[in-house]
Colleague: 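Structure provided below as structure tokens; questions to follow.
We count ligands from 1, going down the list as the structure has it; atoms in each ligand are counted the same way.
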Amino acid sequence: MKTLAKLHPEIGLWQDDRPIPEPGPDDVLIRVRKTGICGTDIHIWNWDDWAARTVPLGLVTGHEFAGEIVALGANVTDLAVGQRCSGEGHLIGRHSRQSRAGKFHLDPETRGIGVNEPGAFAEYLRLPAFNVVPLPDSIPDEIGAILDPLGNAVHTALSFDLVGEDVLITGAGPIGIMAGAVARHVGARHVVITDINPDRLALAAEVADVIPVNVAQEDLRAVMARLKMQQGFDVGLEMSGNQQALDQMVESLVMGGKIALLGIPPGKSPVDWSRIVFKAITIKGVYGREIFETWYKMIAMLENGLDVRRVITHRFPADRFAEAFEVMRSGKSGKVVLDWG
Ligand code: NAD
Ligand code: ZN
């Protein structure tokens, strides 16, 4: 089968022919139809320090996918051949306290497909049946292929009650934009999204009913005054990984405000903790998706009118992966989807 693998310790990914994997007794075999390219895949493409430390050479990459089940392991009785699906790419252990308590997303033994284990940039993917998420007919494959990052957005956005609240999202990457759509869908009042990239802000306004603010040019406080906010934002969703964005968020929040942190700063970064203490701010770190509560809520919201289709700006056949990665690396795209036929 055709795959995209990290064959050499340098920039790029390489097309590689591999045998189709055999599903174990508790696995399914999935014929991959569409895959999303993630920021993580860009780190692996660029072979930065994190990637070199984390990803074994030779690994088939990719973790955002949708496809169709084509074979079932001997013990799998609750899924069917022909079933369309996406799936959770975090493979959990069964031994930790958290796993045994059913808090699967907090399992410290988690391993990721496309990062630690063979991934989805391939014509076929072997996945534990436990990780499979069936897709209703109303969700097309290309949306199925971005449920992983939409799940990051949903997990973060649903971390705090947003009904009637004013929400600040820092970072209008694909995940920030989708979080904006989710925040509006669940009933937030004003949703302001910041970035310094005008293309990303334009896309945000196209995809969701949010107020884009270019913080390199506009004063966020002036926007808050225009919206007649008395004190500030009630909830902040940090989705840039940028230190200045987090500072600005703390500055713009009400007393007792709440922050959900998804963005990953590149290294250690200084934080003015006393300001956080005096403002009595609650901060929650968000990793991955809640397994499987986020998946349930996300599919329910998509069935109930949540529309993120326009966040996909580019589509390429898998053979043209080099062009697709170039578009992603340019910062002039939303989600980029590869078609595996
Ligand atoms: P992205 O890199 O596409 O988007 C980040 C955006 O932040 C960019 O558009 C960038 O221009 C913007 N930005 C930079 N400086 C800014 C500033 N000062 N103010 C406002 N915006 C600024 O990333 P993405 O794929 O949308 O992911 C969002 C973040 O979430 C990334 O940091 C990513 O690493 C992280 N992430 C975390 C998890 C997790 O499980 N915690 C999962 C996926 C992604
Ligand atoms: Zn991803």
Colleague: At a 4.0 Å threshold, what atoms of ligand 1 neighbour a non-hydrogen atom of G173?
Modeller: 3 (O), 4 (O), 6 (C), 9 (O), 26 (O)

Colleague: How long is the straight-line distance from CG of L150 back to CE of M301, given to the nearest 0.5 Å?
Modeller: 7.0 Å

Colleague: D195 to ligand 1: N or O pair under 3.5 Å?
Modeller: yes

Colleague: Based purely on interatomic distance, does V286 place a nitrogen or oxygen under 3.5 Å from a nitrogen or oxygen of ligand 1?
Modeller: yes

Colleague: For G288, counting its heavy atoms only, list the atoms of ligand 1 lying under 4.0 Å from any of them.
Modeller: 39 (C), 40 (O)

Colleague: Would you say D49 has more than 12 foreign heavy atoms packed within less than 6.0 Å of its CG?
Modeller: no

Colleague: List the closest protein heavy-atom neighbour of atom 32 (O) of ligand 1: residue, atom name, distance to the nearest 0.1 Å.
Modeller: I264 N, 3.1 Å

Colleague: Check the orientation of F321 and W45. Use parallel for under 30°, tilted for 30 to 60°, and perpendicular for over 60°.
Modeller: perpendicular

Colleague: Between D141 and K34, is the closest basic N to carboxylate O distance under 4.0 Å?
Modeller: no

Colleague: Is T40 touching ligand 1 with its side chain, its backbone, both, or neither, if touching means heavy atoms under 4.0 Å apart?
Modeller: neither

Colleague: Looking only at heavy atoms of G39, does any of them come nearer than 4.0 Å to an atom of ligand 1?
Modeller: no

Colleague: I want to know if ligand 1 touches L262 in the polar sense, i.e. an N/O pair below 3.5 angstrom.
Modeller: yes

Colleague: Closest non-hydrogen protein atom to atom 7 (O) of ligand 1, residue and atom name please, with distance?
Modeller: S240 CB, 3.3 Å

Colleague: Can you list the other members of the hydrophobic cluster that holds Y124, where links are side-chain heavy atoms under 4.5 angstrom apart?
Modeller: M1, I20, L29, V70

Colleague: Quick one: does ligand 1 sit under 4.0 Å from the side chain of N152, the backbone, both or neither, non-hydrogen atoms only?
Modeller: side chain

Colleague: Can you list the ligand 1 atoms lying under 4.0 Å from a non-hydrogen atom of P174?
Modeller: 3 (O), 26 (O)

Colleague: Among all protein heavy atoms, pick out the one at the shortest distance from atom 19 (N) of ligand 1; state its residue, atom name and that distance to 0.1 Å.
Modeller: A245 CB, 3.6 Å

Colleague: Does the ring center of F292 lie less than 6.0 Å from the ring center of F130?
Modeller: yes

Colleague: Do any nitrogen or oxygen atoms of Y287 lie less than 3.5 angstrom from nitrogen or oxygen atoms of ligand 1?
Modeller: no

Colleague: Using a distance threshold of 2.8 Å, what protein N/O/S atoms lie below it relative to the Zn ion (ligand 2)?
Modeller: C38 SG, H63 NE2, E64 OE2

Colleague: Which residue owns the protein heavy atom closest to atom 15 (N) of ligand 1, what's the atom, and how far is it?
Modeller: N242 ND2, 3.3 Å

Colleague: Are more than 12 heavy atoms from other residues, nucleotides or ligands located less than 6.0 Å from atom CZ of R275?
Modeller: yes

Colleague: Give the atoms of ligand 1, by number and element, whose distance to some non-hydrogen atom of G263 is under 4.0 Å.
Modeller: 29 (C), 30 (O), 32 (O), 35 (C)

Colleague: A quick test of your reading: do over 12 heavy atoms of other residues, nucleotides or ligands sit less than 6.0 Å from CD of E22?
Modeller: no

Colleague: Hey, are D195 and R200 close enough for a salt bridge, meaning a charged N less than 4.0 Å from a carboxylate O?
Modeller: no

Colleague: Looking only at distances, can you tell me whether any N or O atom of R200, backbone or side chain, sits closer than 3.5 Å to an N or O atom of ligand 1?
Modeller: yes

Colleague: Got a protein heavy atom sitting under 4.0 Å from atom 23 (O) of ligand 1?
Modeller: no

Colleague: With no hydrogens and no angle check, is any side-chain donor or acceptor of T110 less than 3.5 Å from a backbone partner on L106?
Modeller: no

Colleague: Within a 6.0 Å radius of atom CD on E206, are there more than 12 heavy atoms belonging to other residues, nucleotides or ligands?
Modeller: yes

Colleague: Ion pair present between E117 and R111, side-chain N to carboxylate O less than 4.0 angstrom?
Modeller: yes

Colleague: Checking contacts now, so for atom 11 (O) of ligand 1, which I'm interested in, is there any protein heavy atom under 4.0 Å?
Modeller: yes

Colleague: Do any N or O atoms from the side chain of H63 and from the backbone of G119 form a donor-acceptor pair under 3.5 angstrom?
Modeller: no

Colleague: I'd like to know if the side chain of S99 and the backbone of H95 have a donor-acceptor N/O pair within less than 3.5 Å.
Modeller: no

Colleague: Quick one: do E290 and K297 make a salt bridge, cutoff under 4.0 Å?
Modeller: no

Colleague: Would M239 count as being in polar contact with ligand 1, using the rule that some N or O on each side must be under 3.5 angstrom apart?
Modeller: no

Colleague: Would you check if the side chain of Q243 reaches a backbone N or O of P270 as a donor-acceptor pair within less than 3.5 Å?
Modeller: yes

Colleague: For ligand 1, does T194 get within less than 4.0 Å through its side chain, its backbone, both, or neither, judged by non-hydrogen atoms?
Modeller: both

Colleague: For ligand 1, which atoms sit closer than 4.0 Å to a heavy atom of G171?
Modeller: 6 (C), 7 (O), 20 (C), 21 (N)

Colleague: Taking D319 first and then K2, would you say they form a salt bridge - that is, a charged N and a carboxylate O separated by under 4.0 Å?
Modeller: yes

Colleague: Which residue owns the protein heavy atom closest to atom 44 (C) of ligand 1, what's the atom, and how far is it?
Modeller: I175 CD1, 3.6 Å

Colleague: Any nitrogen or oxygen of V215, side chain or backbone, less than 3.5 Å from one on ligand 1?
Modeller: no

